[in-house]
Amino acid sequence: MAANSYIDPLDAAFGGETPAERRPAAEPAYLRGLNAEQREAVLALDGPVLVLAGAGTGKTRVLTTRLAHILATRRAWPSQILAVTFTNKAAREMKERIGALIGGTVEGMQWLGTFHAIGARILRRHAELAGLKSNFTILDQDDQLRLIKQVIEAENIDEKRWPARTMAVLIDGWKNRGLLPKDVSESDGQAFAFGKGRKLYELYQARLKSLNAADFGDLLLEPIAIFKGNHEILDEYQKRFRYMLVDEYQDTNVAQYLWLRLISGANKNLCVVGDDDQSIYAWRGAEVENILRFERDYPGAKVIRLERNYRSTPAILGAASGLIKANAARLGKTLWTESEDQGEKVQVKGVWDAEEEARNVASEAENLQRKGHKFADMAILVRAAFQMREFEERFIALGVPYRVVGGPRFYERAEIRDALAYLRVVAQGDDDLAFERIINKPKRGLGDASIQALHNHARAADLPLLMAAEELGASDELAPRARSALSDLAKSFAHWQQQAALLPQAELAEIVLDESGYTDALKADKSPEAAGRLENLKELVRSMEEFESLAAFLEHVSLVMELENNDSEDRLNLMTLHAAKGLEFETVFLPGWEEGLFPSQRTMDEKGNAGLEEERRLAYVGLTRAKKRIFVSFAANRRVHGQWQSALPSRFIGELPEAHIDSVANEGFYGNYGSFRENQEFGSTYSSPGWRRAQEARAQARGPSIIEATAKVVASATGVAKFGNGERVFHQKFGYGRVVAVEGNKLLVDLEKAGSKRVMDGFVVKA
DNA sequence: CTCGGCAGAATTTTT
DNA sequence: TTCTGCCGAG
């Protein structure tokens with residue numbers, strides 16, 4: 001009944017060319033409150049659509065409303081909609097919000113999920129076409145790395161010179177680009193260990209197959225291969241999906257792009273949503289190009305821009321827009337807001353070192369909290385994880401509650417992975433990788449020699465390790481000690497496997513952990529972390545209760561590497577800029593805006609201007625997380641790998657429009673020169689011509705002003721000013737000196753005061 | 001087999 | 001500086 005009352009008016013009103021103004025009164029409630037562009041993005045169902053959704057423009061709302069609309073109007077069944085996100089969180093949120101919009105829970109949206117979850121689903125259905133069984137295990141990074149290491153060792157390659165890590169990056173890179181071993185070009189395949197790259201990739205893939213396992217990359221790569229090789233299967237999917245939707249399109253890589261192109265096929269009801277200005281994962285294979293060329297890929301695509309921002313103040317938007325304008329490769333959007341009140345200016349503050357920076361952030365946060373703001377509405381966003389330490393120490397000292405978002409994830413902790421490995425072997429006795437992980441955890445006297453023997457036996461008899469262990473334990477090939485250890489372990493697993501059929505998985509897990517001696521070993525461990533580990537294991541067992549079966553739990557774990565943390569305590573948020581994407585906070589602290597750190601020197605060295613632009617987008621993401629206020633800061637000195645380094649303010653600071661910022665310098669800032677009074681002056685008259693003149697005059701005597709310094713750093717990093725031998729330079733910490741040698745971006749400088757030192761060229765300017 | 005000491009490396013990481 | 005991973009001694 002409800003279906004019919006919806007379908008007709010909507011078809012009449014929106015299916016054709018009827019202008020939006022003549023909408024019938026009977027408009028579904030979920031469309032109310034959308035602005036014109038959002039509405040258009042929801043209603044443009046036919047044909048390809050690109051929604052360019054700037055930060056804070058209501059993207060998620062549009063996306064969910066669009067899906068709800070398709071469902072409510074019965075244009076497609078839930079099972080005929082493909083909706084892809086990057087994170088489980090986004091998928092979950094989408095499900096919940098659609099449910100809220102159309103009432104009740106959303107049943108049957110089996111194809112709403114992450115690229116990987118959907119890929120796994122497809123691969124399980126056609127596993128045999130990829131040389132796998134449908135119950136294949138999904139390997140995470142850790143497993144993957146260990147496997148690659150084995151392959152490298154088996155090839156007698158010196159793992160020192162050719163680390164598995166590097167090979168993993170290569171393989172991932174190929175998989176991200178949709179390349180099977182045979183597709184890797186001759187020259188690319190030459191990489192690694194004197195031209196063995198492609199061979200190793202091939203061997204690794206073969207090992208995966210023999211272990212009945214797939215890594216994350218395979219979850220996309222294998223379906224692509226299946227689609228390409230089996231037209232009838234591809235056809236089935238193309239017919240099934242009447243509407244397709246992809247979130248965060250700017251983050252798709254080549255493989256995901258190919259996968260989508262195949263699946264969307266002739267049916268072009270494909271809607272992609274993204275923001276090129278928020279593309280911050282190019283280093284992980286994402287191709288901003290995908291979004292930039294969407295209109296060419298899908299001719300006639302409708303492009304809808306969401307530019308009206310509902311999140312931030314005009315001052316914040318002004319600062320963010322000013323910054324991102326410096327990027328050349330962008331589709332171009334300008335965020336605007338109806339808000340009259342400019343809001344607080346972005347505060348930019350220079351400090352002496354990271355410790356002072358942390359002190360400042362903590363005291364600002366406490367100030368705000370005293371005024372009634374919640375810690376949970378504030379976030380500190382750092383470029384790199386190592387910056388967190390300073391803040392954590394300060395917060396602990398002050399007793400400020402904080403939470404690290406996205407840090408080492410629950411399922412990546414060693415004890416959790418060990419427990420899972422046990423369970424994996426219980427669930428699937430042939431999971432060799434898992435078995436190997438726990439064969440000597442806790443220590444049971446099985447070392448390299450025994451494990452080697454076990455491997456040999458397994459290979460000779462063509463058996464999984466667990467079964468080989470059983471046989472070897474019964475034979476007399478090994479020393480008595482190792483033999484009984486092996487046989488005990490095999491017996492335990494046989495016992496647990498029996499129990500698995502009888503007991504709920506949580507109980508089973510408890511038994512396994514106790515009987516294996518794992519918990520006992522932890523209890524005996526006197527290190528300070530042991531207690532927390534036991535706590536984590538308890539948490540793991542608890543979380544298992546919610547699942548239907550052990551298998552369901554394990555599938556969940558391999559794809560969804562996270563656990564809900566439902567603590568409602570009021571804590572300050574601390575995370576990397578990457579982890580902050582998609583989140584918003586009243587107050588945002590952006591520390592560490594220094595040349596070399598942010599933008600990161602390494603990114604600029606490796607990726608040149610493209611790298612710099614990505615760093616700038618990262619800054620843009622950081623700025624646009626804030627609703628009300630932003631505190632940017634930079635330290636003159638910072639300890640990097642235990643060495644003190646001096647740094648100049650980030651060029652990004654110079655790119656923030658002066659109208660929207662408030663500069664404050666601290667006592668002791670750039671300590672050696674500038675008294676307290678001068679610094680006060682610096683703070684209030686940062687941009688006045690008079691101040692600049694004064695700085696210029698002083699530069700003769702004491703060194704360049706901060707503004708000049710920033711300008712010079714920018715010039716040097718963009719190649720305008722490189723250093724030559726004999727050149728006179730100024731270093732912020734050590735003063736004047738003369739360049740005596742240049743090696744890449746490092747300089748050997750004879751300093752007038754400090755003697756000869758090696759410094760990064762980013763830290764000195766021409767004098 | 002296990003533990004201790006030492007060399008070498010140290011961004012970002014949705015799955 | 002701090003962590004990790006490897007090698008040699010017990």
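Chain identifiers are assigned alphabetically (A, B, ...) following the order of the sequence lines, protein sequences preceding nucleic acid strands; residue numbering begins at 1 within each chain.
Around atom CZ of A/R261, more than 12 heavy atoms belonging to other residues, nucleotides or ligands sit under 6.0 Å away.
Rounded to whole Å, the distance from CD on A/E248 to C1' on B/dT13 is 15 Å. For A/D142 and B/dT15, the CG to P distance is 16 Å, given to the nearest whole Å. In this entry the distance linking CG of A/L577 with P of B/dT14 reads 14 Å, nearest Å. When rounded to the nearest whole Å, the span between CZ of A/F386 and P of B/dA9 equals 18 Å. Rounded to whole Å, atom P of B/dT14 lies 14 Å from atom CD of A/Q256. Protein atom CZ of A/R284 is 7 Å distant from nucleotide atom P of B/dT14, rounded to whole Å. A/L220 places its CG atom 13 Å from the C1' atom of B/dT14, with the value rounded to the nearest Å. Atoms CG (A/L618) and C1' (B/dT13) sit 12 Å apart, rounded to a whole Å.
Aromatic rings of A/W283 and A/Y281 (six-membered ring for Trp) have centroids within the 6.0 Å cut-off, being under it. Here A/H126 and A/F227 keep their ring centres 6.0 angstrom or further from each other. Between A/F86 and A/H116, a ring centre-to-centre spacing not shorter than 6.0 Å is recorded. If you look at A/F634 and A/W593, their ring centroids are not closer than 6.0 Å.
Distances shown here put every side-chain N or O of A/N88 at or beyond 4.0 Å from the OP1 or OP2 atom of B/dT14. An OP1 or OP2 oxygen of B/dT15 is reached within less than 4.0 angstrom by no side-chain nitrogen or oxygen of A/S558.
The residue A/T85 sits apart from the nucleic acid: no heavy atom pair falls under 4.0 Å. Residue A/N440 is in sugar-phosphate contact alone, with no base atom involved, counting any heavy-atom pair closer than 4.0 Å across all strands shown. When heavy atoms are screened at a 4.0 angstrom cut-off, A/A385 is found touching the sugar-phosphate backbone but no base atom. Counting non-hydrogen atoms under 4.0 angstrom, A/A117 reaches nothing in the nucleic acid. When heavy atoms are screened at a 4.0 angstrom cut-off, A/Y281 is found touching base atoms of the nucleic acid. Residue A/S600 is classed as a base contact, given a heavy-atom separation below 4.0 Å to a base. Backbone-only engagement by A/L446 is indicated by non-hydrogen atom pairs under 4.0 Å involving sugar-phosphate atoms exclusively.
For A/H578, the side-chain atoms get nearest to B/dT13 when compared with the rest of B/dT15, B/dT13, B/dT2. Across B/dT12, B/dC3, B/dT15, the shortest atom-to-atom separation from the side chain of A/K443 is found for B/dC3.
Nearest-nucleotide mapping onto DNA chain B: of A/Q141 and A/I280, the residue sitting toward the 5' end is A/I280. Where A/G445 and A/D251 meet DNA chain B, the nucleotide closest to each residue was compared, and A/G445 sits on the side nearer the 5' end.
Cation-pi geometry between A/R616 and A/F652 is not met at under 6.0 angstrom from the ring centre and within 45 degrees of the axis.
Stacking of the aromatic ring of A/W283 onto the base of B/dT12 is found: the ring centres lie under 5.5 Å apart and the planes are inclined by under 30°.
With hydrogens and angles disregarded, a donor-acceptor distance shorter than 3.5 Å links the side chain of A/E594 to the backbone of A/A635.
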In the 5'-to-3' direction, what one-character label does each nucleotide of nucleotides 1-10 of chain C receive under the scheme B = base within less than 4.0 Å of a protein heavy atom, S = sugar-phosphate only, - = no such atom? BS---S----
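A salt bridge links A/R437 to A/D142: one of the charged nitrogens lies within less than 4.0 Å of a carboxylate oxygen.
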